[in-house]
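What follows is a set of notes on a single structure, which appears directly below.
So you know, we letter chains A, B, ... as the sequences are listed, proteins then strands, and number each from 1.
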Protein chains: 2
Amino acid sequence: MAATIKDIARRTGLGLATISKYINGGNVLPKNREAIEEAIRALDFKVNETARNLKTRHTGYVGLVMPALTNSFIMQIIQQIQLQLRANGYGTALYCSAPGNEEIRRQTELEAIDFLLQKGVDGIINLPQNEDGVHLLKPLELGIPVTLIDKQIPELADRVSSVMIDNVGAARAATDELLNAGHRNIVAFFHGETNYTGRRRAEGFMDALRQRGYPVDSERVVFMGGLGRGSSVDRIREKLRQYQPTGVFAANSGLTSRVLEALELEDLRVPDNVSVVGFDGVGIEDGRRIKLYSMLQPTEQIGTTAAQIMTEQLHFWAKGEVFPPQVRTLPATLFVGNSIRRI
Amino acid sequence: MAATIKDIARRTGLGLATISKYINGGNVLPKNREAIEEAIRALDFKVNETARNLKTRHTGYVGLVMPALTNSFIMQIIQQIQLQLRANGYGTALYCSAPGNEEIRRQTELEAIDFLLQKGVDGIINLPQNEDGVHLLKPLELGIPVTLIDKQIPELADRVSSVMIDNVGAARAATDELLNAGHRNIVAFFHGETNYTGRRRAEGFMDALRQRGYPVDSERVVFMGGLGRGSSVDRIREKLRQYQPTGVFAANSGLTSRVLEALELEDLRVPDNVSVVGFDGVGIEDGRRIKLYSMLQPTEQIGTTAAQIMTEQLHFWAKGEVFPPQVRTLPATLFVGNSIRRI
DNA sequence: GAAAAAGAACGAAACGTTTCGCTCTTAAAA
DNA sequence: TTTTAAGAGCGAAACGTTTCGTTCTTTTTC
C-alpha cells in the first residue's frame, strides 16, 4: 500500500541501511542523496512510525494527566503544553479525571497512568491528585520521565521535575491587598488540608498577617477538603454568618466561584458588604459591574516550561544520559478589580 | 527487559501462536489456559502494543482536532470525548489550533491532520475550521473514519458522520424569548458569514421573526467574520449606537462575551436598557446579579455520541465492513436568566 | 606510488506481535 | 469399533524499521 523503505531501496538500487541512514540524518553520497530524495518524492514515502517505534522503543507521545476540565486554568495549561509538545514533534495523549470527589479523582489518576503506560508514552506531564506520588512510582521505575505541574511531591523531589507558581508569595500578595485596604476580619478558604497547593497558599495568607503582627485565627483559615459543590457552599455561608468578615480570600478558582455563590445566597454585596480577592480569573469576566481582584497564574509560561522540560528530559534520555530534575517557580500577577472597599 | 509472548511460550512449553490466540480471546485448553495465566502473572506480562500495532496496522489512538481551548463548550466536549474514548480502550491524541484569526486556524487544521496522520491515528474527531472539508480528503482516502462536531460539511455528507445541535431551532427558541417579551428592535450577532453554524443560527433567528410576520432587517443580522476581539467589540458598539436595540441575541459564546463587553463600554445596563440572550452559558456565572438567558448545548451528550459513533465506525472498519455515516441532531436547552425585560 | 585511515554502503538480524496453513488430538457420528 | 469432523496447537513468515559488524571505496599520509 504505502511505500516503504524497501521500495526506496529497490528504486534507487541502494541498500536498506543506507536509506535508513539518510532518513535519520546520516551522511550519504550526494548523488545517492539525490536519488533517495527523488524516490521519496515520487513514491510519496512517509516513514512508518509504528515500525520505527517498535525498534527504538519509544512512541513519540507524551501523556498528559489532568484533573477534570472544569476551569480555565487547566484548559490554558493543556492548550499550551500541547502546542509546545507538538512543536517538538511529540503527540499529546490526553487523559482527564472524570469529575468527582477526591477519592475518585485519585483513583482515576492511577488508572490514567496504567492506561498510558500500556498504550506507551515516552513521558508524563501531570497535575497530581495523589499528593504522595504513588502513582508515579511505576513510570519512574520504567525510566519514564515525569514533570509535575502546580505541585511538588517532596518524596519524589529528586526524581521528578515541577513547574508551579510561588504559591506562598501569591497568597501573601492577595492578602496584602485586603490588609492594605484596612481589612482585619478576613476569612480565607483553601483546598483540602492535604493539598500541597492549599497548604502553601494558607501559609502565604498567614505570613501576610504575621508579618504585620496581626493574630492568626485558625477558625478563619478554612480548609475545604472533600466537600461537594453544594456542601462547600453551605460551609462558606456558615463561616460568613458566623464571623461576618469584611474581607474574603478564595485560594483557587473553584473556591472563588463557590464564594461568589455563597455571597449571592447570603445576599451580601461585593464590595459594599464584603471585599473579595479570588484566584485564576474567576469573577473578572466581561459585563460584570464588579470585577474581583484576582491572582492570575502565568498559564502560558507554565505550560510552555513544563513541555520544554519534558522535551529536554526526553532528549537526554534518548542519549542514555540522566537529566537532573528541574524545579521552576514562576510569579503570579494580580488582576486589579473593584471588589475591595477601603475601610 | 519486559516479558514477551516468547517468554510465556517458553515458560509454558506452548507455541507462540497459542499464546497469541489466548491473548486475543481465542479458545485454549483449560489446563493450558491456566498455565498461561499463571505465567502472565508470574512474569507480569503486558502485550507490547507497538508490536501489535505494527502487525495490525492500527494504533489505538483517535485524533481530536479542535479549535483553541477558549471556551467551556469546547472544553466540555473534549472532556467527554476523551472519557468515552478511553472507556472503549482508545487513546486521545489532542491537537488544538493555536489561537488566531480564521486563516491561521484553517492552516493549523491542515497541519493537525498531517501531524496526526503521520503519527498514526485510527480515526479523527474534528470540530472543523475548514468548512469545505479539504483537510478531510486525505484521511478519507486512507480509509480513516471521520466524525464531525458542531457542523456538517455538505460536500462530504455521504462520507463523514456529524453530531450537532439543532442550530436553527436553538436560535429560534432564543429569539422567541425576546419576541415574547415584546421586543421588536432586535440586533443579532453571528459568526462569520461563511460559517455553517452561524448561518444556521441566523436562519433560526430570521425564521422566528418571519413566523410572526415581522420584517427582517438585514442590517440587524450581523455577521462578524474575520474580526479580532477588539474590532468585533467596536463593531457591536457601532450597531448598538446606530440601531439602539432593546434586545440583543448573541449566537455563540465568544460573541456573548463581546456583547457584554460592548454593553459595558457603552454604559448600557442589562436588562434595563437592553435585554440579552446569549449562548453556551457565558454570563450565567455565580455571583452575577444579572444572569443572561442562554442557549445551552448538551455538551456531554454531544461528546459521548461523537465518541460512540467513532468507536462503532472503528469496529466496523476492523471487520472490513463499511459504516454508513451517521448524522445526529440534538436539542439545545434554554437557561432562564433575568436578562430580559418585558416591554 | 604504496600503506593507512576514513567514509559509505551493505546484508542480516533483530524488535514483539499476528496469522496462515498445517498437523495432531479428541469428540461426535455412523 | 471405525470414520468424520471439529478443535487445539504449532512453526514460520510476515509487518517496516534500526543497527551491528563487515566489506568496499575513497581520500589522506608518508
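Nucleotide C/dA9 holds its P atom 15 Å from the CG atom of A/N24, rounded to whole Å. Here the C1' atom of nucleotide D/dT17 and the NZ atom of A/K46 are 17 Å apart, to the nearest Å. The distance between atom NZ of A/K6 and atom P of C/dC10, rounded to the nearest whole Å, is 16 Å. In this structure, A/I23 places its CD1 atom 7 Å from P of D/dT17, rounding to the nearest Å. We find that CG of A/L54 is positioned 13 Å from C1' of D/dT19, with the value rounded to whole Å. Atom-to-atom, CG of B/L14 to P of C/dT17 comes out at 16 Å; the value is rounded to the nearest Å.
Using a cutoff of 4.0 Å between basic side-chain nitrogens and carboxylate oxygens, A/R11 and A/E38 are scored as salt-bridged. Using a 4.0 Å cut-off between charged nitrogen and carboxylate oxygen, A/K151 and A/E131 count as a salt-bridge pair. Salt-bridge annotation for B/E109 and B/R105: absent, with no side-chain N of the basic residue lying under 4.0 Å from a carboxylate O of the acidic one.
Remark: B/S20 is in phosphate contact with C/dT18, judged by side-chain N or O atoms under 4.0 Å from OP1 or OP2. At least one side-chain nitrogen or oxygen of A/R57 sits closer than 4.0 Å to the OP1 or OP2 atom of C/dG16. Contact check, B/T56 against C/dT18: no side-chain N or O comes under 4.0 Å of OP1 or OP2.
When ring centroids are compared, B/Y95 and B/F115 come within the 6.0 Å threshold.
Nucleic acid contact for B/F45: sugar-phosphate only, since backbone atoms but no base atoms lie under 4.0 Å from a heavy atom of the residue.
Between the side chain of A/K55 and the base of C/dA14 there is at least one donor-acceptor pair of N/O atoms closer than 3.5 Å.
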